[in-house]
Amino acid sequence: MNPELKSIVEALLLAADRALSVDEIRSVFDEADRPERDELKQALAGIAADCEHRGVELREVASGYRLQIRQELAGWVNRLWEEKPPRYTRALLETLALIAYRQPATRGDIEEVRGVSVSTGIIRTLLDRDWIRISGHRETPGRPELFVTTRQFLDHFNLKSLSDLPPLSEINELPEALPEEA
Amino acid sequence: MNPELKSIVEALLLAADRALSVDEIRSVFDEADRPERDELKQALAGIAADCEHRGVELREVASGYRLQIRQELAGWVNRLWEEKPPRYTRALLETLALIAYRQPATRGDIEEVRGVSVSTGIIRTLLDRDWIRISGHRETPGRPELFVTTRQFLDHFNLKSLSDLPPLSEINELPEALPEEA
Amino acid sequence: MVAPPPKTPQAPESQQQLAIAYVAGAAVEELPGDLYIPPNALEVYLEAFEGPLDLLLYLIKRQNIDILEVDVAEITDQYMAYIELMQAGQFELAAEYMVMAAMLAEIKSRILLPRPETAEEEEADPRMQLIRRLLEYERYKLAAENLDDLPRLNRELRQARAGLPEIQRTIPEPVVELSDLLAAMAGALRQAELFEHHHVSLESISTEEKIGHLLRSLEKNRFVPLVSLLDPREGRLGVVVTFLAIMEMMRGAMVEIVQSDVFGPIHLRLAGKEPGKEESA
């Protein structure tokens, strides 16, 4: 078996962060040196064997193969999250703040103030967290979505109503505290 | 060396989506069986050795250790994504380079060397990416913001510290006088 | 990023002909071959430069000479040719390009004018500051290229990640305090203000406009003191552009300049011929 093939397949599995089917793996190779399915299965078997004494194992699931952290190690891995909850980026917080103060606001409105484009990921995260919702569309070309904050947003920040947000004039005096890990 | 320790550390590195410091790794263990720093470093060295012929490598960057896909395999791995990695403009890269090599630097400092104004979009993009942050203000009229690079910047560019940046080219000693013009 | 403009194999001698053949306002007609760009490509072309320093570096590198050996007078001519070309293409130039034009013209005029023999004045070679800036810019231009060549995450490198074990506590949501949110708003507002400041740009004074203005102030057969043509309200840049305009007019034989005594006042008058008209014998 081609040892290099094993390395490539392992790299693919660890880069993808999801299960990959045999065909997906084959598709990243140029046609000229695309491995046969059997060859690939052999490489996968080799990876599985190498994992014997490692922290991960090769699993075959419905959509293909994935390298997964061993069940026995779940306890340690979970502590990693306990120790350090993820944090939001400055871009996300500014987007949320602008929606809170300027609602209803479109993506374009936010981009105008911030001078950079607002990523879809940020809007998705805010929607997923139920902090903002789409209240409608602005009747301008493209009919952009109008975002407003939700009740959950008020609850999270312990506000009774939007009028409890400090006025902008006060905010401008605030020092710019930057989220930066120590 | 405890072989199990190596497995746990590997699992942690593959569970996190960022580099982990030695202290972060130690903190997931109960105090009773928390490995000493030396022991942990040995485990990390063991992992690095195991990676020798694999598709991943252990790399120490500014925030700690991470397992990453070998650079040589980027050609295959990148085909898993439709999206092309972002390309940055020269203006952005020059601004970033000036901040990296001159930090702390103000917008004015950057503009002086580049001879053009620095767009707000560029500064925003760099702040959004967490590659730079505002470290304070220079005590000159206007109190301009001082920018420095972050650990995330070093992590992203695969560097352990600022001293790993490619050296800035030397400026040759200027002659006392220039030749007379024709 | 736009690829740098292609180098055309052009003998350096031909660049001497850059002594431009246009008169103020008139269409740019005679351009050296390596300077010709289809009008629709102009925008793309200018975008290839990161500003006046970058353009100057390109002009210098094109001749394969060291920055230290640059002939400021010649490079000024070439630079002006580009500026004219861009303006002829109705391209709105950033103020920085005009400021650099003025600075170059100032240096050029100081080189061309006889220099007083005092030692202090000798020390300040006006070319030195320009060269220092060019070297410094080149240094960081290179540093930026090196930075771009470093392997980086999600381009050459990927974080290796494995699937998480099944019984997995939910990852906690990030905590955000109201103060974090307000600080973010403060940051956004401050940045927006900064953004607005940057809409205020230098009002550029073009050499062409200045020539037109000077033509109106000068009369045939009457000498006007040079000093009276300088308007302090236009600032340093205005003064430099005035000199630049006068130099252009000299080249076009549109003005006569007279200085009767050494270090005496300089006077100008309109030359015998009108710009653009054939000289009548």
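Computation of the quantities below employed the complete heavy-atom set of this structure, encompassing side-chain atoms and omitting hydrogens, waters and symmetry-equivalent molecules. Each chain gets a letter, A, B and so on, in the order the sequences are listed, and its residues count up from 1.
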Counting distance only, does the side-chain N/O of B/R138 pair as donor-acceptor with the main-chain N or O of B/L146 below 3.5 Å?
-> no

Going by atom types alone, do C/Y140 and B/R102 pair a side-chain donor with an acceptor below 3.5 Å?
-> yes

Please name all residues satisfying salt bridge (charged side-chain N to carboxylate O under 4.0 Å, His left out) with B/D50, sequence neighbours left out, ordered by chain then number.
-> B/K6

For chain C, find which of B/Q68, B/H156, B/Q71 contributes the most heavy-atom pairs closer than 4.5 angstrom.
-> B/H156

Any ion pair linking B/E31 and B/R34 (charged N to carboxylate O, less than 4.0 Å)?
-> no

For chain B, which of C/E96, C/E156, C/Q159 has the most heavy-atom pairs under 4.5 Å?
-> C/Q159

Contacts of B/F153 that satisfy ring-ring contact (aromatic ring centres under 6.0 Å, His included) - sequence neighbours left out | B/F157

Toward chain C, the part of B/E72 with a non-hydrogen atom under 4.5 Å = neither

Sort C/L147 into side chain, backbone, both or neither according to what part of it lies under 4.5 angstrom from a heavy atom of chain B.
-> both

Counting heavy-atom pairs under 4.5 Å to chain C, which of B/A19, B/A74, B/G75, B/G55 comes out on top?
-> B/A74

Is it the backbone or the side chain of B/V113 that comes under 4.5 Å from a heavy atom of chain C, or both, or neither?
-> both

Indicate whether the side chain of B/D109 and that of B/T106 have a donor and an acceptor atom separated by less than 3.5 Å.
-> yes

Do B/R129 and B/Y88 meet the criterion of a side-chain donor-acceptor pair at a distance under 3.5 Å?
-> yes

Is it the backbone or the side chain of B/A100 that comes under 4.5 Å from a heavy atom of chain C, or both, or neither?
-> neither

Count the heavy atoms of every other residue, nucleotide or ligand shown that sit under 6.0 Å from CD of C/E177, and state whether that count exceeds 12.
-> no

Side chain, backbone, both or neither: which part of B/L159 has a heavy atom under 4.5 Å from chain C?
-> side chain

For B/I123, is it the side chain, the backbone, both, or neither that has a heavy atom closer than 4.5 Å to a heavy atom of chain C?
-> side chain

Contacting region of B/A16 [heavy-atom separation from chain C under 4.5 Å] = backbone

Pick from B/L98, B/V56, B/N158: which one has the most heavy-atom pairs with chain C under 4.5 Å?
-> B/L98

C/D149, part contacting chain B, at a heavy-atom distance under 4.5 Å = neither

